[in-house]
Amino acid sequence: MNIIHTPTAAKPAGHYSQAIRHGDTLYISGQLPVSPGGRHNLSAPFAEQAQVALANVLEILKAAGGTPQDLVKVTVYVAGVEHWPAFDQVYAGALGDHRPARAVVPVPELHHGYLVEIEAVARYLA
């Protein structure tokens with residue numbers, strides 16, 4: 001197993017790694033809308049929070065040598081199902097024609113009061 005870390009995504013705030021490579025699979029930990037410099041984006045609108053969290057996922061993927069087309073499975077936790085359409089718009093804008101398997105899970109709340117958290121599994125080719 002190899003630990004993947006990049007300063008271009010939010011630093012882990014707990015006892016976990018940004019991502020772990022095991023064999024030819026990359027497991028990206030859940031990413032909240034925390035900027036790489038540690039700035040919390042609690043008051044940002046949902047779409048902006050989604051963009052920051054997704055940018056963290058994509059930066060970690062990039063640090064591992066991957067691209068968005070390497071994403072295999074994405075799990076999204078949203079605080080309130082009403083945010084699903086807005087997430088879908090942000091997600092489609094970032095991934096274009098690539099459509100990995102995905103689950104959007106409505107939850108009553110997330111850590112710190114955030115509105116979205118994203119985790120992913122990708123193939124590892126590097």
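- Using a 30° and 60° split on the angle between ring planes, H112 and H40 fall in the perpendicular class, above 60°.
- In this view, H111 satisfies the side-chain hydrogen bond (donor to acceptor under 3.5 Å, both in side chains) rule with no residue, not counting sequence neighbours.
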side-chain contact (heavy atoms from CB on, under 4.5 Å) assessment of V121 paired with T25: CA-CA 7 Å; V121 177; T25 304; 3.6 Å; yes
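- At least one side-chain heavy atom of I4 sits less than 4.5 Å from a side-chain heavy atom of L26.
- Screening residues 73-91 for side chain to side chain donor-acceptor pair (under 3.5 Å) gives K73-T75, Y77-E119, D88-R102 as the qualifying pairs, with residues at least two apart or on separate chains.
- Identified under the salt bridge (charged side-chain N to carboxylate O under 4.0 Å, His left out) test for residues 28-47, with sequence neighbours left out: none.
- When every heavy atom of P68 is checked against every heavy atom of L95, the shortest pair comes out as CB-CD2, 3.6 Å.
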Check against side-chain contact (heavy atoms from CB on, under 4.5 Å), I28 and L61: CA-CA 8 Å; I28 301 173; L61 181 61; 4.1 Å; yes
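- For the pair D70 and R123, the tightest heavy-atom approach, listed with the atom from each and the gap, is OD1-NE, 2.7 Å.
- Taken to the nearest 0.5 Å, the CD atom of Q31 stands 11.0 Å off from the CD atom of E59.
- Residues H5 and Q18 bring a donor and an acceptor atom of their side chains to less than 3.5 Å of each other.
- A continuous path of hydrophobic side-chain contacts links F46 to L54 [ILVMFWY only; heavy atoms under 4.5 Å].
- Closest of all the heavy-atom pairs between Q49 and N41 is NE2-O, 3.4 Å.
- Hydrophobic clustering (ILVMFWY, side-chain heavy atoms < 4.5 Å, transitive): V76 and V81 are in one cluster.
- Under the 3.5 Å distance criterion, the side-chain polar atoms of R21 are matched with a main-chain donor or acceptor of G23.
- Side-chain contact between I60 and L58 is absent, with no heavy-atom pair separated by less than 4.5 Å.
- Of all non-hydrogen atoms in S17 and S29, the two that sit nearest each other are O-OG, 2.6 Å.
- Both V104 and V74 are assigned to one and the same hydrophobic cluster, defined by single-linkage of ILVMFWY side chains at heavy-atom distances under 4.5 Å.
- Hydrophobic clustering (ILVMFWY, side-chain heavy atoms < 4.5 Å, transitive): V34 and V78 are in distinct clusters.
- Listed here is the closest heavy atom pair of I118 and F87: CD1-CE1, 3.7 Å.
- In this structure, the side chain of E117 does not engage the main chain of L110 through any donor-acceptor pair within 3.5 Å.
- The two residues A9 and N56 come nearest to each other via the heavy atoms CA-OD1, 3.4 Å.
- Placement of V90 and L71 within a single hydrophobic cluster is found when ILVMFWY residues are connected by side-chain heavy-atom separations under 4.5 Å, directly or transitively.
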